[in-house]
Each structure stands twice: as C-alpha cells, then as structure tokens.
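Beneath this line is the structure, given in structure tokens, with notes to follow.
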There are 2 protein chains.
Amino acid sequence: MAERRKFRREGEERRRQDLIEATLDCVAENGIEGATVRAIALRAGVTAGLIRHYFPAKEDLLQAAYATIVERMTAQALASLDGTGKTPAARLGAFVAANLTAPIVDARVFSLWAGFIGRAHADPALSAVHRDGYIGFRDRLEHLIAETFASAGRTADAGRLRRHAIAVNAIIDGLWIEGCMAGDLFETGELAAIGIASVERVLGIDMGGENA
Amino acid sequence: MAERRKFRREGEERRRQDLIEATLDCVAENGIEGATVRAIALRAGVTAGLIRHYFPAKEDLLQAAYATIVERMTAQALASLDGTGKTPAARLGAFVAANLTAPIVDARVFSLWAGFIGRAHADPALSAVHRDGYIGFRDRLEHLIAETFASAGRTADAGRLRRHAIAVNAIIDGLWIEGCMAGDLFETGELAAIGIASVERVLGIDMGGENA
DNA sequence: GGGCTTGTTATGCAAGCGTATAAATACGGC
DNA sequence: GCCGTATTTATACGCTTGCATAACAAGCCC
C-alpha cells in the first residue's frame, strides 16, 4: 500500500539536460502548449515537483530548451564547414547546402522553432535568445561571403557585404521553412540545388552548382 | 443589486466578425495562449458563453481567425498588382516590394502568423489552411514570372519556372521574416530594395531596381 | 554503518481553462 | 402592446495548470 517510488540521484548537469530534452520532445510533438510541467516530468521519468528543483519556474526551463535548440542548429550548420582545404566558394556552398538538407531541414526542428517563435513576442528573454542566434548566423554568412569575394579578387564595401548577407540569409531561411513545412512538395536535394543556384546568381559567383 | 448586464442583439455576421477580430487582437498581443475564451469575450465586449453560440468550440473560432488573416494578407499583396498598364516586370517588382513593406511587414501580423504556425503542427485543419495559402501565393508568383519572361521574349520550361517561383518565394518569405522580427536593424525601404535586387539577379531580369 | 545533506517524491492548493446549461432580455411579428 | 423566439447573460462544473510544501530516501562523510 502506497509504495513510494524508487529513484536514483543523478548528477545535476545530467538531470538538467534530461529535463531540457524532455521539454524539446514535448514541444515538438504537441506544440508549446503540450509542454506542461507534468508532461515534461513524465517523459523525463521523474515527478513534476523535481522540475522546480532545477529551474525556478517553467519559463526558465523553456528558455534553456530554446537556447539548446538554437545552439544545436548552429553547431550542425558550422559542422559543414569543417572540411579543410576547400576553397571559400566551396565552403559557402557546403554551408548553404547543409542548411537546406536533413537534419537541419526537419519537421521536428521546425515545430520547435515555430513553437518558440510564437512565444517570443510575449517573452523578451526568448526574443533575445532568438536575435542573438540570428545575428550570429548572419555574421557567419557575411564572413563566408567576404572570404569568397576576396579569393576571387573581388572587392565589396561593408554596406554591400551586409546586404549580400541579408539576402543570402533570407534565401536560406525561406527555403528552410518551405522544406520543413511542405517537404513532400520537393524532391530530395531539390531545395539545396535551388538554394545554391540562387546564391550563386545573387552573389555573381560560382560555387560549383549546376545552375538549376 | 445583481443588475443584469444590458446588451444589444447584433446581426449574426457582425458578431462573428467581431469575435474573430477580438481573437486576432488577443493572439497578436499575448500569443496564442493568450487567446482564452474569456479574454476574447472581454475584448469583444460580450460574455464568454456567447462564443459557443457562434462557434461550436474554441478551435473553430481559431480556425476562422486564421483563415481571415491569411485571406487578408493575400488580398493586400494582390492589391499591389492593381495598377494597370504596367509591364509584367514592373508588376512583379511591385509585388515583391509590397510584400516587403508595411503593412505586410508588420510585427503584429508576424505575431499572428507565428502564433498560428506554432499550433499548425498539432492541428491538421490549421495546417491545411496554411498550405492552401502557401500554394496559392507561389502559383501567383509563378504566373508573374512567366508573364515577365514572355514579355522579354525568354522561354522557360515548367520545371525551371517552378524552381524560380520557389526561389523568389523564399526570398520574399525570408526577408519578410527578417523585417518583421528585427525591423529596427533595417532602414526604411532597405528590405524591399534588397528583395528586388535579389529577384532581378536570380531571374536575370530588370525590374527597374537599382541593383543594390 | 550511523548520521546529514539534499535530490526526489507525494500531496495539496488556488487559479484559470473550455464547456455545459438555465435563466433573462431584446426585438420582430402580429 | 404583447408574445415568442433566439440572442445573450449568468453561473457552475470538472479538469488541468503552475507552484508550494512536507515527507522521504539515496548516497557521501566519518
């Protein structure tokens, strides 16, 4: 009668990570409103009360979860740059392609993104997390474009470089959303091909695409 | 003591529209989770119970509200095509510019879009409304591009035309999002200029932009 | 191996949610 | 001017939510 549940004491960082992962699962499956304290706890295999032991309030958990997903996406994108010995143009091309292929183009990731974005307007902290991610991404893009131009012997003033980064960022974002929301409307690799071709034309460079 | 509240009987369509408008206000201000039955009723100036007299369930109201906003955005975009006597290229340019300027680039509209998108994954009906809007928009774009090509004496097979529409749609979407979320990072008209220049380069046409 | 710390569970609470239902009232037809 | 009807209000119910608190036990220290 009334047997108390057994449990293990996990390391602090491990538990925090588990809770964040459970939160992401919940948001991805049922939207942000599906991420209730009880649902998260159930998925993490703990009881609801424990959450408050690691996060002062639910909002803090959501924030941490969003920061995690932003960070993860960024890392995956940057990983595509790891190949050494490539030309700057090839690196830029790989970067664009990576952002338009699985696992970055993924319904689950989009579900997370959308869920958090919807909440960002009401929550300045989430909004800040997002803006940091956006600016970081665009800066990285601008850097890649600058390198590509330099290696091609082309010059571009700061303003032009900035506008190029904005445009390329828009192409990636727009195609990413299209792919995530309506992946079934595109063939494998089609979005990446369109993205590369578009970026080539916008920047007036050759990244080895087939100019689809 | 216990004075019952006075009220007026409004026409059915008028009440429905008021409730939808109130719903949009709530979603825009506090996200979709801020759109509770009571909050909506308060803003519409009625009591909560009335909502169920016009909509079987809250979900039906949300659906109607989303359909309304999608329809409204589409109408605004199409209105930019109304000018007669323009060349197809100029019409396409006007269309792109309109989608990258107020009132379409607007934090409130984006807030609505994001709120509903976040819920779309959990609600197939909302998802269907969105997809219809997306495909309709892309088709319109493809049509404009085809006209522009035709008037320039260029030919393009169906596949190429489709890919062009996908790319231009991505540019518009991506820049739209950037503008809505971080409008303060851009000067007035900058996004429209970048959009037009990018579309010109991607399509290889001249729409009268300054090729920023 | 006994005691202490603290990670963890269990239980409870007040508030808010969507929905149901009955009473009241505005207003067109006569 | 009254009646009937359908719009609108009022009230309540059952459920879920986030959060608080007290009891408990796991694992480290000595």
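Each chain gets a letter, A, B and so on, in the order the sequences are listed, and its residues count up from 1.
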**Q.** B/Asn169 and B/Asp173, any side-chain heavy atoms less than 4.5 Å apart
**A.** yes
**Q.** Interatomic distance, A/Leu42 CG vs D/dG18 P [rounded to whole Å]
**A.** 14 Å
Q: Return no unless some side-chain N or O of A/Arg52 is found under 4.0 Å from OP1 or OP2 of D/dA20.
A: yes
**Q.** Heavy-atom side-chain proximity of B/Leu100 to B/Ile104 below 4.5 angstrom
**A.** no
(Q) Using heavy-atom distances to pick each residue's nearest nucleotide on DNA chain D, tell me which of A/Pro56 and A/Ala39 is more 5'. (A) A/Ala39
Q: Report yes or no: is there a donor-acceptor pair, N or O only, under 3.5 Å between the side chain of B/Arg8 and the base of D/dT8?
A: no
**Q.** Nucleotide C/dT19, atom C1' - distance to CG of B/Leu61 in whole Å
**A.** 14 Å
Q) Would you say a side-chain N or O of A/Thr36 is under 4.0 Å from OP1 or OP2 of D/dT17? A) yes
**Q.** Interatomic distance where CZ belongs to A/Arg9 and C1' belongs to D/dA25 [whole Å]
**A.** 7 Å
Q) Is A/Glu12 touching bases, backbone alone, or none of the nucleic acid, heavy atoms closer than 4.0 Å? A) nothing
Q: Can you tell me the distance, in whole Å, between the CD atom of B/Glu10 and the P atom of D/dT9?
A: 11 Å
Q | Euclidean distance, atom CD of residue B/Glu33 to atom C1' of D/dG18 [Å, nearest integer] | A | 12 Å
(Q) Using whole Å, what does the distance between atom C1' of nucleotide C/dC17 and atom NZ of B/Lys58 come to? (A) 8 Å
**Q.** Residue pair A/Leu203 / A/Thr148, side-chain heavy-atom distance below 4.5 Å
**A.** no
Q. Is A/Ile117 close to A/Tyr66 at the side-chain level, that is, under 4.5 Å between some pair of heavy atoms?
A. yes
Q) Base, sugar-phosphate, or nothing for A/Tyr54, non-hydrogen atoms under 4.0 angstrom? A) sugar-phosphate
Q. Think B/Arg5 has a side-chain N or O under 4.0 angstrom from the OP1 or OP2 of C/dT25?
A. no
Q.
Counting only side-chain heavy atoms from C-beta out, which of C/dA20, D/dC19, C/dT8 sits nearest to A/Leu50?
A. C/dT8
Q | Expected output: side-chain A/Lys58 to main-chain A/Ala35 donor-acceptor under 3.5 Å | A | yes
Q: Indicate, with a heavy-atom threshold strictly under 4.0 Å, whether A/Ala48 touches base, sugar-phosphate, or nothing.
A: nothing
Q. Does A/Arg38 get its side chain close enough to the base of D/dG18, under 3.5 Å, for a donor-acceptor pair?
A. yes
**Q.** B/Phe7 CZ to D/dT9 P, straight-line distance once rounded to whole Å
**A.** 6 Å
Q. Nearest nucleotide by nearest heavy atom, which residue falls closer to the 5' end of DNA chain C, A/Val46 or B/Val37?
A. A/Val46
Q. What's the NE2-C1' distance between B/His53 and C/dT21, to the nearest Å?
A. 13 Å
